[in-house]
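On a predicted model such as this, the values are computed, not experimentally measured, just so you know. A, B, ... follow the sequence lines: proteins, then strands. Residue 1 opens every chain.
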There are 2 protein chains.
Amino acid sequence: MKIGEIAKAAGVTTSRIRFYEKRGIIAPAARGANGYRDYPEELVALLRFIEQAQGLGFTLREIASVEVRSGPHPISCDEAIRLLSAKRDAVDALIAEAKERMRKIDTLIGELRENQESPKE
Amino acid sequence: MKIGEIAKAAGVTTSRIRFYEKRGIIAPAARGANGYRDYPEELVALLRFIEQAQGLGFTLREIASVEVRSGPHPISCDEAIRLLSAKRDAVDALIAEAKERMRKIDTLIGELRENQESPKE
DNA sequence: ATAGGGCTTGGACCTAGGTTTAAGGTCAAG
DNA sequence: CTTGACCTTAAACCTAGGTCCAAGCCCTAT
């Protein structure tokens with residue numbers, strides 16, 4: 001598959017694919033006789049995985065550290081589980097913080113509303 | 001308070017404070033006769049709030065939209081409630097997003113563990 | 001064979017959020 | 001009065017994650 005085809009199939013831009021290759025997030029593509037990049041269809045899954053991982057808050061660096069070493073089946077090792085667990089904890093902490101902040105905001109809103117109802121103080 | 005003092009008190013760098021001022025995240029500081037920035041102690045709390053908000057995933061732009069207006073000209077009670085409510089909704093959305101993120105992470109971890117138990121297919 | 005797309009490269013540019021640096025002014029202590 | 005710590009500015013630089021562009025090749029259809 002040419003770069004445009006795989007980009008379309010995976011729903012990413014061609015420039016992004018080349019960017020990923022340049023940064024080592026994906027392996028350099030094989031080249032046809034004309035110099036065009038030639039991709040196996042499996043790369044579609046990988047590109048989707050990268051997007052998914054980014055959506056989960058992973059940096060490209062983190063993704064590369066998992067993906068590059070483990071080849072075509074990227075998400076299948078202890079390390080991936082370790083990284084995901086760490087990320088899970090981080091997201092959990094984020095939620096706790098956000099809830100605390102919301103509680104504070106709610107308190108503040110409540111106070112303001114009271115102020116409004118009894119403007120005299 | 002001079003910039004170094006307030007920076008230390010708030011646990012941020014002086015360059016960051018100047019950067020915030022330049023970007024309009026905080027109001028321009030008063031200046032002493034020597035041209036030095038002179039800060040009220042309340043700014044410590046604001047700087048801490050900015051860090052907190054960033055920790056919750058808010059961009060500086062979003063933070064500025066609330067902060068700048070609550071600075072020089074005190075906003076009305078109504079407007080404060082409106083802004084806070086918008087913020088509340090944003091935090092709420094963030095929490096929802098984070099929960100979804102965690103759900104996906106848990107799913108992935110589950111799949112990986114299954115993969116581990118039944119190795120190659 | 002000529003037009004149009006798609007491909008190649010490198011490098012410039014972009015937003016976000018800062019840090020670092022250069023060149024200089026100020027202040028308090030010794 | 002000199003030293004060192006602190007302040008001022010603008011501008012350059014940085015990482016992350018990309019996009020855009022120019023100049024030029026390749027392929028396919030008409």
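- Checking side-chain atoms of A:Asp38 against main-chain N and O of A:Gly32 turns up no donor-acceptor pair under 3.5 Å.
- You'll find that the side chain of A:Thr13 is closest to D:dT19, out of D:dT19, D:dG18, D:dC7.
- If you take CD1 of A:Ile17 and P of D:dG18, they are 12 Å apart, rounded to a whole angstrom.
- Between the CG atom of B:Asn34 and the C1' atom of D:dC6 there is a distance of 10 Å, rounded to whole Å.
- Between A:Glu21 atom CD and D:dG17 atom P there is a gap of 18 Å when expressed in whole angstrom units.
- The side chain of B:Arg18 has D:dT8 as its nearest neighbour among D:dT8, D:dG17, D:dC7.
- With contacts defined as side-chain heavy-atom distances shorter than 4.5 Å, the pair B:Val12/B:Phe19 does not qualify.
- Residues satisfying the salt bridge (charged side-chain N to carboxylate O under 4.0 Å, His left out) test with A:Arg113, not counting sequence neighbours, are none.
- Each of B:Arg16 and A:Lys22 lies near DNA chain C, and the nucleotide nearest A:Lys22 is the one positioned closer to the 5' end.
- Rounding to the nearest 0.5 Å gives a distance of 6.5 Å between CG of A:Leu84 and CD1 of B:Ile105.
- The two atoms that bring A:Thr14 and A:Ile3 nearest to each other are O-CD1, 3.7 Å, heavy atoms only.
- Listed by first and then second residue, the side-chain hydrogen bond (donor to acceptor under 3.5 Å, both in side chains) pairs involving residues 15-26 of chain B are B:Thr13-B:Ser15, B:Arg16-B:Tyr20, B:Arg16-B:Glu51, B:Tyr20-B:Gln54, B:Glu21-B:Arg37 (not counting sequence neighbours).
- Side-chain nitrogen and oxygen atoms of B:Arg37 include none within less than 4.0 Å of the OP1 or OP2 phosphate oxygen of D:dC6.
- We find that CD1 of B:Ile3 is positioned 19 Å from P of D:dA5, with the value rounded to whole Å.
- Contacts between chain B and DNA chain C, taken as any atom within less than 4.0 angstrom of a protein heavy atom, begin and end at C:dA16 to C:dC27.
- Residues A:Thr14 and A:Ala33 each lie close to DNA chain D; by heavy-atom proximity, the contact nearer the 5' end of the strand is made by A:Thr14.
- For the pair A:Ser15 and D:dG18, the criterion of a side-chain N or O lying under 4.0 Å from OP1 or OP2 is not met.
- Spacing between atom CG of A:Leu60 and atom P of D:dG17 amounts to 4 Å, rounded to whole angstrom units.
- The heavy-atom pair separating A:Tyr36 from A:Asn34 by the smallest distance is N-OD1, 3.0 Å.
- Positionally, the nearest nucleotide of DNA chain C for B:Phe19 lies more toward the 5' end than for the other of B:Lys2 and B:Phe19.
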